[in-house]
Undergrad: 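Submitted below is the structure of interest, expressed as structure tokens.
Residue numbering restarts at 1 for every chain, and letters A, B, ... go by the order of the sequence lines.
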Protein chains: 2
Amino acid sequence: MYPKLFTHIKKHVSLTDADEALITNKLTLTKLRKKTFILQPGKICQGNYFILKGCVRMYFVNKKLTEQITQFGLENWWLADYDSLYNQKPSTYYLQAVEDCELLLLTPQHETELISAIPQLQTYFRNMFEKSVIAAQRRIHYISSMNDEELYREFSRLFPEFIQRVPQYMLASYLGFTPQFLSRIRAKKV
Amino acid sequence: MYPKLFTHIKKHVSLTDADEALITNKLTLTKLRKKTFILQPGKICQGNYFILKGCVRMYFVNKKLTEQITQFGLENWWLADYDSLYNQKPSTYYLQAVEDCELLLLTPQHETELISAIPQLQTYFRNMFEKSVIAAQRRIHYISSMNDEELYREFSRLFPEFIQRVPQYMLASYLGFTPQFLSRIRAKKV
DNA sequence: TAAAAAAATGAATCCAGTTTAAGAAATTAA
DNA sequence: TTAATTTCTTAAACTGGATTCATTTTTTTA
């Protein structure tokens, strides 16, 4: 039913057709128009979202009342406010579709049921979190070793297709500076 | 054999005495004097370390040739350069004992063997990574919403015992500023 | 008890990034 | 197609949080 998801899972563990059917049953497909909110501050994150199609951003509003993006999600990524989800506490974030999106929602209950039925999914999710930890470790390294201009250049080098995909002001927000500054960096000769 | 570790694991999953014996067999106890290196740049991280006693820091040397601490590890934490460990690539970090330490080393091979024998350990490790992801998400939030002084004050509020435990210059390095600046913050009245 | 390491303090300085503002360009809606 | 909205660019003035350098005091270690 969701070949993109199954292909992704099978890169890590094996699945039978029966497994796939079971997984399909436990997931909820959501199609969202651009700018739709998936989560808002005060609400508890409903589950873990697998992105079949589209782009999602996670952000909060800081003291200066500007949006501060902390994370983007793209195709084949799982995304959630895990602090809210696993500790069942109100989120402080917005999750919002940046493009029209197709998401699969997996609630904690369904996740537990799935893992009981298909134990190797525990390995799959462990691998997902492992990758997230590595990504976070790298991000901390970048942040603490580069200035804002270097951050932008490194980010463009690593994800050239991505910077075409989101508005520049979102990129600036994610990287932690103003859109004007980003515009100036781009105007500069390298 | 390692009650502190077993207690920790049992907060997440159950273990039989036989399980505990098996785990004991797969771990290597290392006692380290303060300032001893556990990992150095260019080397591949040997495994995942559980800290029974002491404090460890992870750092790299930046362009200005100053030490930049990215992480501390304390009792009952697992610590490793996961990028190096799981992708088997040379590390860019130092891992060093800040105090005299007792660590348990779990190599990837032994980890695989243990998880085959005791499947619920997969759940345990999944939970550990989950917690790491949440911690990283929070850290990104702090970094992107506070200035250096606020970061320090929040950090002291959250971990008052910890700031007593490490030299100030290490704390400054972890928080991303100079020891002089930290000294100035402390001298200030709140 | 000497030596080394860590912390405090003062003063001068700085520049990476913000702010403000206004116009151009691109996208979206209707 | 046009109007409305959103996004991007550019430029000039500015700023203040944080660094640097240099010296003294305190604490830790051998």
Undergrad: Any heavy-atom pair between the side chains of B:S91 and B:I44 that's under 4.5 Å?
TA: no
Undergrad: With a distance cut-off below 6.0 Å to the six-membered ring centre and an angular limit of 45° from the axis, does A:R57 pair with A:Y59 as a cation-pi contact?
TA: yes
Undergrad: Atom CG of B:D100 to atom C1' of D:dT29: distance rounded to whole Å?
TA: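 Answer to the nearest Å: 13 Å.
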Undergrad: When hydrophobic residues are tied together by side-chain contacts of less than 4.5 Å, even through go-betweens, does A:L105 share a cluster with A:L74?
TA: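 No: no chain of side-chain contacts under 4.5 Å links A:L105 to A:L74.
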Undergrad: Can you tell me the distance, in whole Å, between the CD1 atom of B:I163 and the C1' atom of C:dA6?
TA: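 Going from B:I163 (CD1) to C:dA6 (C1'), I get 16 Å.
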Undergrad: Is A:E130 salt-bridged to A:R126, going by a charged N under 4.0 Å from an acidic O?
TA: yes
Undergrad: Mind checking if B:K35 touches a base, just sugar-phosphate, or nothing, with heavy atoms under 4.0 Å?
TA: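 Result for B:K35 = nothing.
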Undergrad: Between A:Q164 (CD) and D:dC8 (P), how many Å, whole number?
TA: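 To the nearest whole Å, that distance equals 12 Å.
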Undergrad: If you assign each of A:Y169 and B:N147 to its closest nucleotide in DNA chain D, which residue comes earlier from the 5' end?
TA: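 So the residue in question is A:Y169.
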Undergrad: Inspect the contact between A:E99 and A:R165 and indicate whether a charged nitrogen and a carboxylate oxygen are less than 4.0 angstrom apart.
TA: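 Yes.
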Undergrad: Using the C1' atoms of the five pairs at each end, what is the angle between the end axes of the helix from C:dT1-D:dA30 to C:dA30-D:dT1, to 10°?
TA: 70°
Undergrad: Any salt bridge linking B:E154 with B:R157? Criterion: basic side-chain nitrogen under 4.0 Å from a carboxylate oxygen.
TA: yes
Undergrad: Given C:dT18, is OP1 or OP2 found less than 4.0 Å from the side-chain N or O atoms of A:K64?
TA: no
Undergrad: Report the distance from atom CG of B:L151 to atom P of D:dG17, rounded to the nearest whole Å.
TA: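 Taking atom P of D:dG17 as the reference, CG of B:L151 is at 14 Å.
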Undergrad: Tell me which nucleotide among D:dT7, D:dT10, C:dA7 gets nearest to the side chain of A:P167.
TA: D:dT7
Undergrad: I need the CG-P distance between B:L175 and D:dA18, as an integer number of Å.
TA: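 In whole Å, D:dA18 P lies 11 Å from B:L175 CG.
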Undergrad: Below 3.5 Å, does any donor atom in the side chain of B:R184 face an acceptor in the base of C:dG10, or the other way round?
TA: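 Per atom types, the contact qualifies.
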Undergrad: Without decimals, in angstroms, what is the distance between A:M170 CE and C:dT27 C1'?
TA: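 So the CE-C1' distance, A:M170 to C:dT27, works out to 14 Å.
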Undergrad: Find out whether A:N48 and A:F125 are in side-chain contact, i.e. whether some heavy atom of one side chain is under 4.5 Å from a heavy atom of the other.
TA: yes
Undergrad: Which residues in residues 176-183 of chain A have at least one heavy atom lying under 4.0 Å from any atom of DNA chain D?
TA: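 Heavy-atom contacts with DNA chain D come from A:Q180, A:S183.
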Undergrad: Who passes side chain to side chain donor-acceptor pair (under 3.5 Å) against A:K4, sequence neighbours left out?
TA: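 With neighbours one apart ignored, the set is empty.
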Undergrad: Report the distance from atom CE of A:M146 to atom C1' of C:dA16, rounded to the nearest whole Å.
TA: 17 Å
Undergrad: Without decimals, in angstroms, what is the distance between A:R165 CZ and D:dT7 P?
TA: 17 Å
Undergrad: So A:Y93 and B:H141, would you call those rings parallel, tilted or perpendicular, with 30° and 60° as cut-offs?
TA: perpendicular
